[in-house]
Amino acid sequence: MTRGFAPILPIEFHKMGSFRRPRPRFMSSPVLSDLPRFQATRQTLQLSSSSAWNSVQTAVINVFKGGGLQSNELYALNENIRRLLKSELGSFITDYFQNQLLAKGLFFVEEKIKLCEGENRIEVLAEVWDHFFTETLPTLQAIFYPVQGQELTIRQISLLGFRDLVLLKVKLGDLLLLAQSKLPSSIVQMLLILQPGGTPGSGPR
């Protein structure tokens with residue numbers, strides 16, 4: 001009986017191949033095998049977020065310098081903001097706008113006022129306020145429109161920034177004394193809006 005089974009053994013071993021221990025299943029796990037692709041995807045997303053944020057920063061600073069938005073640029077900026085809101089940067093957008101972009105932009109505004117002296121400074125302040133309130137502020141609101149549900153809106157943050165980073169630094173009290181009775185209507189409007197509480201729907205609340 002033993003001899004009858006002997007020829008079968010080599011055939012069976014040939015079919016099975018050499019004996020090896022099975023590889024642990026985790027070695028071929030989809031998670032590990034996809035790791036390079038995952039890392040590449042994450043890097044791509046980070047670069048995409050960086051590119052999106054750079055475009056927003058460039059546009060905001062350009063607006064503060066007196067420039068406008070190009071055709072279809074607002075749509076692209078809104079899409080970039082939406083993309084950033086879904087990224088790791090999402091929760092920092094408002095803070096970064098307030099502490100970095102707004103501060104940098106209003107520095108240009110402050111410098112423009114400081115270049116003038118005496119009574120001319122109140123006139124320049126009036127012009128600067130007019131442009132900020134009618135052009136810059138609405139554009140900033142439009143760019144950051146996708147940012148909703150914050151404690152302070154982009155409008156309120158911007159107005160508070162103008163008050164704290166421009167008016168308080170150009171010594172408004174001294175300018176008002178110089179102007180005396182010849183106070184431009186724009187300055188009156190500015191004071192009404194930027195006072196605590198502001199006018200309904202206009203100033204910081």
Side-chain angles (χ1 to χ4, degrees), residues 34-115 124-170 186 189-190 193-194 198 201-205:
D34 288 345
L35 186 57
R37 184 170 60 183
F38 171 77
Q39 291 175 333
T41 302
R42 183 173 183 179
Q43 184 177 16
T44 300
L45 290 173
Q46 289 174 337
L47 290 174
S48 176
S49 296
S50 177
S51 175
W53 188 239
N54 286 338
S55 71
V56 172
Q57 291 184 89
T58 300
V60 169
I61 296 304
N62 182 56
V63 167
F64 273 107
K65 289 182 176 180
L69 300 180
Q70 302 298 318
S71 177
N72 296 325
E73 187 178 3
L74 179 59
Y75 174 81
L77 290 170
N78 283 167
E79 287 301 303
N80 286 336
I81 292 290
R82 291 187 179 94
R83 188 181 307 130
L84 289 166
L85 286 170
K86 296 177 182 179
S87 72
E88 296 174 353
L89 299 175
S91 59
F92 300 102
I93 290 179
T94 303
D95 288 340
Y96 193 85
F97 169 75
Q98 180 176 1
N99 298 320
Q100 300 293 328
L101 287 183
L102 185 62
K104 186 175 181 179
L106 290 175
F107 174 78
F108 296 116
V109 175
E110 178 199 356
E111 287 297 301
K112 184 175 182 180
I113 298 171
K114 283 185 173 181
L115 288 175
V124 173
L125 176 59
E127 294 175 6
V128 164
W129 167 255
D130 278 339
H131 186 270
F132 176 81
F133 190 69
T134 61
E135 300 291 337
T136 305
L137 186 59
T139 304
L140 293 176
Q141 289 180 260
I143 291 174
F144 289 92
Y145 175 76
V147 180
Q148 302 290 344
Q150 302 295 327
E151 184 177 351
L152 289 176
T153 66
I154 293 297
R155 179 185 181 85
Q156 290 169 324
I157 291 172
S158 300
L159 288 170
L160 288 169
F162 190 95
R163 184 192 68 187
D164 297 343
L165 301 177
V166 176
L167 293 188
L168 296 182
K169 291 189 176 182
V170 299
S186 295
Q189 178 204 44
M190 178 189 69
I193 290 175
L194 297 184
S202 299
R205 296 170 61 92

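Note that the structure is a prediction, hence the values are computed from the model and not measured. Residue indices begin at 1 and follow the sequence shown.
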Can you tell me if CZ on Phe107 sees more than 12 non-hydrogen neighbours from other groups inside 6.0 Å?
no

Could you check Leu159 against Gln156 for side-chain contact (heavy atoms from CB on, under 4.5 Å), going step by step and ending with a plain yes or no?
CA-CA 5 Å; Leu159 288 170; Gln156 290 169 324; 5.9 Å; no

Closest contact, heavy atoms only, Ser158 versus Leu137
CB-CD1, 3.5 Å

State, to 0.1 Å, how close Asn62 and Gly68 come at their nearest heavy-atom pair, and which atoms those are.
ND2-O, 3.3 Å

Drop me the distance from Arg83's CZ to Glu79's CD, to the nearest 0.5 angstrom.
7.5 Å

Can you tell if the side chain of Trp129 reaches within under 4.5 Å of the side chain of Phe162, non-hydrogen atoms only?
yes

Hey, mind stepping through Glu110 and Leu165 against side-chain contact (heavy atoms from CB on, under 4.5 Å) and telling me if it holds?
CA-CA 8 Å; Glu110 178 199 356; Leu165 301 177; over 6 Å; no

Could you tell me whether a side-chain N or O of Asn78 sits under 3.5 Å from a main-chain N or O of Ile143, the two making a donor and an acceptor?
yes

Hey, are the side chains of Met190 and Leu167 touching, using non-hydrogen atoms and a 4.5 Å cut-off?
yes

Can any side-chain N or O of Thr58 pair as donor or acceptor with the backbone N or O of Ser55 at less than 3.5 Å?
no

Kindly indicate, with the supporting measurements, whether the criterion side-chain contact (heavy atoms from CB on, under 4.5 Å) is fulfilled by Val56 and Phe97.
CA-CA 10 Å; Val56 172; Phe97 169 75; over 6 Å; no

Would you say that more than 12 heavy atoms from the other residues, nucleotides or ligands in this model lie under 6.0 Å from the CD of Gln148, or not?
yes

Quick one, Tyr145 and Leu74 - any side-chain contact, counting heavy atoms below 4.5 Å?
no

Working to the nearest 0.5 angstrom, can you tell me the gap between Asn80 CG and Gln57 CD?
11.5 Å

Going through the distances and angles, do Val166 and Phe132 end up as a side-chain contact (heavy atoms from CB on, under 4.5 Å)?
CA-CA 11 Å; Val166 176; Phe132 176 81; over 6 Å; no

Smallest heavy-atom separation, Leu85 atom then Pro146 atom, equals CD1-O, 3.5 Å

Mark yes when over 12 heavy atoms from residues, nucleotides or ligands other than Gln70 sit less than 6.0 Å from its CD; otherwise mark no.
no

Might you point out which heavy atoms bring Leu69 and Ala59 nearest each other, and give the distance in Å?
CD2-CB, 4.3 Å

Asn99 side chain to Asp95 backbone, donor-acceptor under 3.5 Å
yes

Mind listing the closest non-hydrogen atom pair of Leu194 and Arg163 along with its distance?
O-CD, 3.7 Å

Please tell me if the side chains of Thr136 and Thr139 come closer than 4.5 Å, counting only heavy atoms from C-beta onward.
no

Shortest non-hydrogen contact between Leu101 and Phe64, atoms and distance:
O-CE1, 4.4 Å

Return the set of residues passing side chain to side chain contact (heavy atoms under 4.5 Å, CB included) with Thr94 (not counting sequence neighbours), or none when no residue passes.
Val147, Gln150, Ile157

